[in-house]
2 protein chains.
Amino acid sequence: MNRRTGKESKESILEAAIKVFSEKGYSQTTVREVAKEAGISVGGVYIYFKNKEDLYATLLNYLLKDFSDRTKETVKDMSGPADALYAVIAMNLKYARRYKGIIIAEGRDRGFKSCLDVKKRFFKKQRRLIEDIIKTGTASGKFKECNVKTAARVIIGILRGFVFSLLIDSTALYSAEDCSNIILNGLLRRKE
Amino acid sequence: MNRRTGKESKESILEAAIKVFSEKGYSQTTVREVAKEAGISVGGVYIYFKNKEDLYATLLNYLLKDFSDRTKETVKDMSGPADALYAVIAMNLKYARRYKGIIIAEGRDRGFKSCLDVKKRFFKKQRRLIEDIIKTGTASGKFKECNVKTAARVIIGILRGFVFSLLIDSTALYSAEDCSNIILNGLLRRKE
DNA sequence: TGTTCACATGAACACAAGTTCATGTATGCC
DNA sequence: GGCATACATGAACTTGTGTTCATGTGAACA
């Protein structure tokens, strides 16, 4: 019989972990369930990962890096700051749908500082990206003058809120268009 | 010696629970810790609450109702829709800071539907409130025409995002002013 | 066929945390 | 005091779940 190589097994476990953690978040996910999903025994997981936290951290690093790279790539192709901002928002909402359970902050305390740091660094990177877009926007006169840092923080907050909304009520959602429309234009009527 | 009455004890437990759950969320909070904080034994908690979930549900109902009422009260005193919206945002951010761990969605599955429903209903009520404000705004000509329902959803999302931001990085926050400013005015420069 | 190596297994262990319950103690009433 | 009632205790039980480890198995090669 053809047995899986170690590398294949490790990848199976990672894939399974992404699936289960995405759905259930950290605490609610059991190693047994990941193992089952990956078609391996409980002990098998521990051949490739030191422990549950290691598994989570590996997966987090992988996903966030992948996401970061793709976003950067997408933004590069955009012509104006409004389009770029829209692209970032669309990208975020898309990933949020797929990996909701992972983004949410869980497992604070108990040595999880490593994971929190990874997330923090990720969000910082995202914020810088958004700040750059806003700067370009104001420089070209398309965006109004504003506190770039704060605006970027609010936008990051908006994107995080979408994940949260997914977890609570996946029917009451909104599209990237709606979202970027409000961020760009606001609610107040413009003087003509 | 003067012993606490049952009612007093129950209230102590609820207060303690609010404190601990707010900081740690559902999974990370232990009944023992709540008991200790309330100055009662583990068993004592079970005199007044059926179990941990019951404790959480009670507290959730209490807090959300309190918050709902206060928000409504505050909004009533506001003169225009922009002010009203600002008030809602400020109220949300203030409560988020205090009770962050509680709002976050945890303990899905396993019969937690009751709690999720409470949260859903709460958010629905909040959304209606915001929808009304937006409607008033457009009716008076101060807000532009827009899809009221969607706009309200996005705003709720923004507010949720703030809670989330608190959990991940409580230094990278923003004020209610910044937030309402973006929502009202948007980023794009207005034609003059 | 025997040997070795890489990979896999799942029962068993450890420990944390929710829950129960037999027992204890204060208070008020007769 | 004796009794009843209300309230409180915390050891012990139960369960879920992370983790370990002695043992097993397939593949490749001599």
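Within every chain, numbering begins at 1; the chains are lettered A, B, ... in the order of the sequence lines, protein sequences first and strands thereafter. Please read these numbers as outputs of a predicted model, since none were measured by experiment.
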Review point. Is it true that A/Asp69 and A/Lys65 have a side-chain N and a carboxylate O under 4.0 angstrom from each other?
Key: yes
Practice item. Round to a whole Å and report the spacing from CG of B/Asn51 to P of D/dT14. Key: 18 Å
Exercise for review: Not counting sequence neighbours, which residues clear ring pair (Phe, Tyr, Trp, His ring centres under 6.0 Å) with B/Phe21? List them please.
Suggested key: B/Tyr26, B/Tyr56
Exercise for review: State whether A/Glu33 and A/Lys24 are salt-bridged, where the test is any N-O pair (Lys NZ or Arg NE/NH1/NH2 against Asp/Glu carboxylate O) under 4.0 Å.
Suggested key: yes
Review point. Does B/Ser9 put a side-chain nitrogen or oxygen below 4.0 Å from OP1 or OP2 of D/dA8?
Key: yes
Exercise for review: For B/Lys125, check side-chain hydrogen bond (donor to acceptor under 3.5 Å, both in side chains) against everything at least two apart and list the hits.
Suggested key: none
Exercise for review: Indicate, with a heavy-atom threshold strictly under 4.0 Å, whether A/Tyr48 touches base, sugar-phosphate, or nothing.
Suggested key: sugar-phosphate
Revision key, fill the gap. From CD of A/Gln28 across to C1' of D/dG16 the rounded distance in Å is 12 Å
Give every donor-acceptor pair under 3.5 Å between a side-chain atom in residues 87-97 of chain B and any protein atom, sequence neighbours left out.
from, atom 1, to, atom 2, distance (Å)
B/Asn92, ND2, B/Val88, O, 3.0
B/Tyr95, OH, B/Asp66, OD2, 2.9
B/Tyr95, OH, B/Arg70, NE, 3.1

Review point. Whole-Å distance between D/dC21 P and A/Lys50 NZ?
Key: 15 Å
Output side-chain donor-acceptor pairs under 3.5 Å for residues 42-49 of chain B, partner residues at least two apart or in another chain, one line each.
none

Exercise for review: Check the distance between D/dG18's P and A/Ile47's CD1 and give it to me in whole angstrom.
Suggested key: 17 Å
**Study point:** Euclidean distance, atom CG of residue A/Leu55 to atom C1' of D/dT19 [Å, nearest integer]
**Key:** 14 Å
Point to revise | Closest-nucleotide ordering on DNA chain D, the 5'-leading residue of B/Gly44 and A/Gly43 | key: B/Gly44
Exercise for review: In sequence, state the C-alpha distance, the side-chain angles, and the governing distance for A/Tyr99 and A/Phe67, and then conclude on ring-ring contact (aromatic ring centres under 6.0 Å, His included).
Suggested key: CA-CA 11 Å; A/Tyr99 304 117; A/Phe67 178 72; 8.7 Å; no
Check your understanding: Over how many whole Å does the gap from B/Ile13 atom CD1 to C/dT19 atom P extend?
Key -> 14 Å
Pairs under 3.5 angstrom, nitrogen or oxygen only, protein versus nucleotides 4-6 of chain D, please.
from, atom 1, to, atom 2, distance (Å)
D/dA6, N3, B/Arg3, NH2, 3.4

Check your understanding: Does A/Glu37 come within less than 4.0 Å of A/Lys19, counting only side-chain N to carboxylate O?
Key -> yes
Check your understanding: Do B/Ser22 and B/Arg98 have a side chain donor and acceptor closer than 3.5 Å?
Key -> no
Practice item. Write down the distance between NZ (A/Lys7) and C1' (C/dA6), rounded to a whole number of angstrom. Key: 16 Å
Review point. Think A/Tyr46 has a side-chain N or O under 4.0 angstrom from the OP1 or OP2 of D/dT20?
Key: no
**Study point:** Selection from C/dG18, D/dT17, C/dG10 that lies nearest to any side-chain heavy atom of B/Val31
**Key:** C/dG18
Revision key, fill the gap. Within residues 32-41 of chain A, those residues having any heavy atom closer than 4.0 Å to DNA chain D are A/Arg32
